[in-house]
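Read the structure below first, then the notes.
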Amino acid sequence: MKQTEYFGEDSLRQLIYIAHEHKAKKVLVVTGKKSFVLSGAKAYLSNLLKDLKVVRFSDFEVNPQLEDVWGGIKILRDFEPQLIVAIGGGSVIDMAKLVNCFAANPHRNAVDIIEDPKLIKYEGLPLVAVPTTAGTGSESTHFAVVYVRGKKYSLAHNFILPKYIILDARLLLEVPQGIAATSAMDALSQAIESYWAVGSNSESQAFSREAIKVILENIVPAVVMKQKAAIQELFLASNLAGKAINIAKTTAPHAISYSITKRHNVPHGHAVALTLGSFFIINSRKDLPLNDSREKEHVDGIMTDLFCLFSCNSGLQCAEKIHEIMNLIGLETDATQLGLISKDHIDFIVESINLERLSNNPVAVSNTILKFAVESNYHELRDTL
Ligand code: NAD
């Protein structure tokens with residue numbers, strides 16, 4: 001399915017025309033609790049949707065839990081809207097995708113659907129995704145992240161891809177620096193991981209390349225100086241990174257991140273960024289077995305392209321640049337400070353790793369290497385077999 005995309009100043013206004021196109025009289029708006037007000041979305045929507053009946057669903061926390069999805073489904077069934085608008089960060093957009101999909105495809109056990117997406121037969125309502133972070137790119141992916149009893153799942157199906165996306169940067173102007181920093185690092189990680197992923201192809205790599213270039217140029221002015229033009233650029237680039245992972249999917253830094261987020265409460269983008277530098281070093285090594293069947297020359301070529309995009313000569317230099325960026329935008333790089341370094345915690349992270357995402361990493365890694373990756377022990381990473 002191709003998405004209809006609107007971007008630029010005042011693009012949120014397109015909601016009126018989308019509602020008109022679907023003859024919508026009733027709209028379900030899925031939002032965050034605080035971000036709805038902080039982003040300005042509440043003020044904009046109360047004007048734009050004033051002639052329509054609107055019910056809001058926001059009774060859930062960040063990083064959607066399956067048990068919270070049922071509340072949204074109940075509201076949707078009682079209210080019977082013709083359109084869903086998700087306006088918020090990646091958690092909100094994923095929640096709207098989940099509610100829409102599970103409501104259209106009832107089944108006695110939701111985990112069955114997650115594990116066997118062929119059970120999804122119906123498309124659900126038209127969904128408009130309006131991100132307020134730059135960002136996860138969730139507005140342009142056919143997956144939704146959901147936690148079931150602490151375990152991370154990804155519901156994936158073409159019907160989950162939102163029909164419309166609106167990228168209106170006015171919604172990002174008041175994002176606090178900590179949130180802007182973590183979401184920007186998620187976007188950068190997605191752009192990089194989709195470039196080196198086993199699942200990459202020429203189309204995904206074109207999206208990744210452009211996203212990496214634009215994010216590297218704009219991340220500091222957007223996050224730290226809050227320059228409006230840089231925020232706009234970062235926003236579009238995070239969407240390109242979303243389009244790239246929609247094809248290529250993510251790799252080892254994401255595979256490791258989910259348990260760091262769940263167990264240590266480190267925000268998603270920050271958790272991912274913690275091992276991104278380590279994987280520049282690991283994926284550049286010549287001595288490790290490959291997951292990618294396209295052979296060593298291909299993986300070497302990809303890593304050389306990335307060095308060029310980073311204006312660096314080695315994986316180690318790129319890793320150091322990632323830490324430099326994190327320091328500049330105010331994100332902790334020392335895993336010890338975040339409480340991640342103890343034998344028990346490292347064992348937990350390594351044991352609960354997402355194996356599907358790990359196998360999408362170009363290079364296969366041992367548990368010893370994973371441990372050094374979490375510690376950002378660059379010296380050992382270069383030498384360990
Ligand atoms: P988030 O949606 O989890 O929100 C983080 C915080 O930012 C919340 O407190 C929220 O209230 C606040 N916030 C959001 N927009 C704001 C604004 N404009 N002003 C002020 N505060 C604002 O953050 P996120 O990083 O956008 O999303 C992370 C989630 O997305 C994770 O659950 C991750 O797994 C998921 N994700 C999904 C995909 C996908 O393709 N489905 C891709 C990447 C990440």
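Counting convention: from 1, in listed order, for ligands and their atoms alike.
Qualifying ring-ring contact (aromatic ring centres under 6.0 Å, His included) partners for Phe159, counting only residues two or more places apart in sequence or in other chains: His157.
Counting only residues at least two apart or on different chains, the ring pair (Phe, Tyr, Trp, His ring centres under 6.0 Å) pairs with a member in residues 175-229 are Trp196-Phe280. For residues 116-140, there are no ring pair (Phe, Tyr, Trp, His ring centres under 6.0 Å) pairs, not counting sequence neighbours.
In summary, the side chains of Thr141 and Lys97 do present a donor paired with an acceptor at a separation below 3.5 Å, with no hydrogens or angles considered.
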Are there any N/O pairs under 3.5 Å between ligand 1 and the protein, and if so, what are their distances?
| from | atom 1 | to | atom 2 | distance (Å) |
| --- | --- | --- | --- | --- |
| ligand 1 | 2 (O) | Gly90 | N | 3.1 |
| ligand 1 | 2 (O) | Ser91 | N | 3.0 |
| ligand 1 | 2 (O) | Ser91 | OG | 3.4 |
| ligand 1 | 3 (O) | Ser91 | OG | 2.6 |
| ligand 1 | 15 (N) | Thr132 | O | 3.4 |
| ligand 1 | 15 (N) | Thr132 | OG1 | 2.7 |
| ligand 1 | 18 (N) | Thr132 | O | 3.0 |
| ligand 1 | 18 (N) | Leu171 | O | 3.0 |
| ligand 1 | 26 (O) | Gly90 | N | 2.7 |
| ligand 1 | 26 (O) | Thr133 | OG1 | 2.7 |
| ligand 1 | 27 (O) | Gly90 | N | 3.2 |
| ligand 1 | 32 (O) | Asn63 | OD1 | 2.6 |
| ligand 1 | 40 (O) | Thr141 | OG1 | 2.6 |
| ligand 1 | 41 (N) | Asp94 | OD1 | 2.8 |
| ligand 1 | 41 (N) | Asp94 | OD2 | 3.3 |
| ligand 1 | 41 (N) | Ser138 | OG | 3.3 |
| ligand 1 | 41 (N) | Phe143 | O | 3.0 |

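The side chain to side chain contact (heavy atoms under 4.5 Å, CB included) test with His254 singles out one residue from Lys249, His268, Lys152, and that residue is His268. Screening Ile256, Val374, Leu338 for a side chain to side chain contact (heavy atoms under 4.5 Å, CB included) involving Leu274 leaves a single residue, Leu338.
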